[in-house]
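Notes for the one structure printed next.
We name chains A, B, ... by the order of the sequence lines, and we start the count at 1 in each one.
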Amino acid sequence: MKSITLYILLISFLFNPVGAWSASQYEELEERIRLLEKEQIPSQSSSTATGISRSFNPAISLNGLFLGTYNDEGNYDSTKGVRTGIKVQEVEMRLAANIDHWLRGDITLAIEGTSTIEVEEAFVEGLVFSNLSFKVGKFLSPFGKHNQLHSHAFPFIDLPVVNEEIFGEEGLNEIGFGVSYLLPTEWFSEFTFQLLKGSNTTQFNGPAGSDFAYLMRQNNLWELNDETTMELGSSYVHGKNSQPPTSVIKNKTNLVGGDLTFKWQPAGREAYKTLIWQTEFMGSFRKQTQEGWYTLLQNQFAKQWWVQGRYSGYTIPHGPNRIDKNQWSALLAWVPSEFSSIRLQYNHLNQAAADENQVLLQLNFSMGSHPAHKY
Amino acid sequence: MRKYVSIYAIWTLLFVGTASVEAEMNVVTTTSDLASIAKEIGGSLIKVKALVKGYQDPHYIQPKPSYMVKMNRADLLIYQGLELEIGWLSVLIDGARNPNIRLGQRGHLDASKNISKLEVAGGKVDRSMGDIHPYGNPHYHLNPENGLIIAKSIYDKLSELDAGNSHLYKSNLSRFQEKLKEKISAWKNRMNAYRGTQIVSYHKLWSYFARYFNLVVVDTVEAKPGIPPSTKHLSKLTALMNRHKVKVILQANFYESTFANLVAEKTGSIVVRLPAFVGGTSDAKDYFSLFDTIIEELHKVLQTKP
């Protein structure tokens with residue numbers, strides 16, 4: 001209809017004797033044509049790029065991690081996590097969309113290696129009321145900072161040794177539900193409570209089906225200035241483990257964690273420079289105590305370059321299974337765009353068995369929907 | 001167990017303050033230009049906060065949780081749209097836990113909705129083309145006439161949310177638009193002498209500006225948006241600039257000028273680093289002085305051009 005009007009205007013414009021029009025009438029006509037053109041453009045543009053019907057599809061993104069490793073120890077030991085060789089570390093597919101007017105869904109399928117597919121995350125989220133959100137499904141539990149990351153978003157190629165020893169390679173990834181409350185403070189402050197199945201084999205996995213784990217997390221973020229933020233969080237999980245209880249020792253597990261993160265990005269140079277310093281402590285208290293921490297520094301020194309260092313220590317301080325491990329890591333990353341990176345990492349693992357020197361080279365790529373990463 | 005719970009309760013209570021109750025409408029905008037225009041329309045009836053500072057590159061903002069706090073208390077969220085904020089805004093909207101500002105709600109305004117877009121991708125687009133915005137170039141605020149349209153969209157929204165004060169918003173709108181129209185004709189006069197001047201820009205940030213003031217952008221220093229140029233592209237660009245005698249490279253001041261300087265050296269051109277948003281320099285205090293600054297800088301460079 002609008003295009004007809006436009007035509008009529010144009011035709012009348014063309015076929016009228018020039019002298020019959022004053023300059024102001026021309027201007028008025030031009031203005032009207034311009035306005036009509038303007039009104040038309042949105043209806044055209046919204047269908048050209050991806051198509052309206054397709055916007056009902058979930059946002060799909062795919063991620064691949066290809067890994068080459070060298071280890072100076074245990075080349076013939078197939079139980080070793082890192083030994084000399086090449087492998088597909090993981091292929092991940094994420095689908096996310098608003099389900100309807102009140103729910104949002106997020107599903108991540110992971111193929112570790114090239115064969116078995118696993119539901120890494122599948123959850124829905126929504127608002128109960130202002131400030132209080134809920135989450136139901138299977139998800140990476142918010143215990144500390146690192147545990148919430150998918151492997152493609154890890155700051156280093158591998159886990160800090162403390163996370164790997166306490167939760168296993170998959171991290172604390174549980175089925176459950178919970179709520180998260182944004183506190184009415186001047187700074188960002190959040191409290192999370194979750195009821196989890198408690199199936200993590202190293203920490204929980206109690207004998208009864210009703211042996212749930214209860215997670216609480218409280219975290220805060222302050223803007224120290226325009227360029228710097230400080231995040232301080234604490235996490236706690238209580239659950240039951242699979243150790244046969246005795247009259248003295250119950251099969252209870254208490255997990256405690258604390259994390260502190262500083263991020264600095266110089267104003268107006270966000271694309272070129274970033275400095276992140278993150279430290280996390282965690283401890284598992286049950287019949288045996290497991291403790292450890294890591295601290296890492298990430299420095300983006302040019303648009304496409306990062307250099308990073310990390311230390312992680314882990315210990316079982318008492319009892320017959322005493323362990324003491326120290327892991328030193330250095331990493332250099334080339335990040336040509338948000339969608340690909342090549343990272344080279346060196347690890348020195350200091351432990352009771354022979355020390356290990358590991359070199360890892362990873363290609364990390366993403367396709368599809370634009371990833372919006374957490375802070 | 002109980003001990004841990006009570007420690008937790010105390011820890012949490014330590015952080016609970018009380019939110020102050022305010023009469024004004026809380027407006028949060030992504031960019032400072034939108035905040036500047038919203039301030040003009042809302043006057044003392046609204047409180048405006050911009051998330052991105054004018055000297056920051058809005059493509060590369062990190063979704064800081066502190067932004068969620070600002071958005072949590074907002075009655076209205078205004079954003080630039082056309083995927084400028086795609087890397088971070090959705091995370092913030094979800095994290096803000098504020099039902100009023102979600103997509104499809106009354107407190108959610110895409111300022112690009114009535115803008116006629118430039119560089120809308122026709123045909124096939126993909127990531128091999130760099131950081132492209134398929135729905136159109138999002139830097140539309142640099143055409144001052146789009147300021148009139150943005151102001152109208154904001155006025156419509158404010159009157160919808162706060163119908164009682166509609167007449168006040170209306171008079172603010174008229175005042176703003178009149179002043180802007182006056183300014184526009186002054187800017188046009190200033191730039192009139194430079195119609196058809198060929199320039200090069202670093203990023204496709206100046207498309208709307210150049211088109212409005214009849215400057216011809218012959219090429220960009222970036223071969224593909226968001227990706228540093230290759231030496232091959234730079235030598236092609238140098239040849240092109242020498243052939244066309246292009247003497248000016250326009251660049252927003254949040255981009256590093258290493259590449260532009262390299263080209264400038266070989267072509268005898270000048271790199272002009274300009275604020276692209278309100279607050280980009282201390283002179284660019286609002287939407288008017290942003291253009292004042294840009295046009296004054298350009299005028300200074302272009303008038304001395306051989």
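- For A/L182, the parts sitting under 4.5 Å from any heavy atom of chain B are the backbone and the side chain alike.
- Using a 4.0 Å cut-off between a side-chain N of Lys or Arg and a carboxylate O of Asp or Glu, A/E125 and B/R97 do not qualify as a salt bridge.
- A pairwise comparison of heavy atoms in B/P65 and A/Y375 identifies CD-CD2, 3.4 Å as the closest pair.
- Interatomic distance, A/N220 CG to B/S66 OG, rounded to the nearest 0.5 Å: 12.0 Å.
- Between A/R104 and B/D94, the shortest heavy-atom distance links the atoms NE-OD2, 3.4 Å.
- Summarising the geometry, atom CG belonging to B/D131 is positioned 5.5 Å from atom CD belonging to A/E338; distances are rounded to the nearest 0.5 Å.
- No side-chain heavy atom of B/Y60 sits under 4.5 Å from any side-chain heavy atom of A/T274.
- Both the backbone and the side chain of A/S130 come within contact range of chain B, with heavy atoms under 4.5 Å apart.
- In this structure, the portion of A/E190 lying under 4.5 Å from any heavy atom of chain B is its side chain and not its backbone.
- Side chains of B/Y55 and A/D226: a donor-acceptor N/O pair is present below 3.5 angstrom, by distance only.
- Annotation: side chain of A/Y272 is not in contact with side chain of B/F254 (no heavy-atom distance under 4.5 Å).
- Residue B/V69 comes nearest to A/F188 through the heavy atom pair CG2-CA, 3.3 Å, listed as atom of the first residue, atom of the second, then distance.
- Only the side chain of A/Q265 comes within contact range of chain B, with at least one heavy atom under 4.5 Å from a heavy atom of that chain.
- A salt bridge is defined here as a Lys NZ or Arg NE, NH1 or NH2 lying under 4.0 Å from an Asp or Glu carboxylate O, and B/K64 with A/E223 meets this definition.
- For B/Q56 against A/E270, the heavy-atom pair with the smallest separation is NE2-OE2, 2.8 Å.
- Between chain A and the options B/N72, B/N100, B/D57, B/D126, heavy-atom pairs under 4.5 Å are most frequent for B/N72.
- Atom CG of A/L127 and atom CG of B/N98 lie 8.5 Å apart (nearest 0.5 Å).
- The CD1 atom of B/I227 sits 7.5 Å away from the NZ atom of A/K303 when rounded to the nearest 0.5 Å.
- The NZ atom of B/K70 lies 11.0 Å from the CD atom of A/E186; values are rounded to the nearest 0.5 Å.
- Per-residue heavy-atom pair counts under 4.5 Å with chain A were compared for B/G54, B/P228, B/G136, and the maximum is reached by B/P228.
- At a 4.5 Å heavy-atom cutoff, the contact between A/S180 and chain B is made by backbone and side-chain atoms alike.
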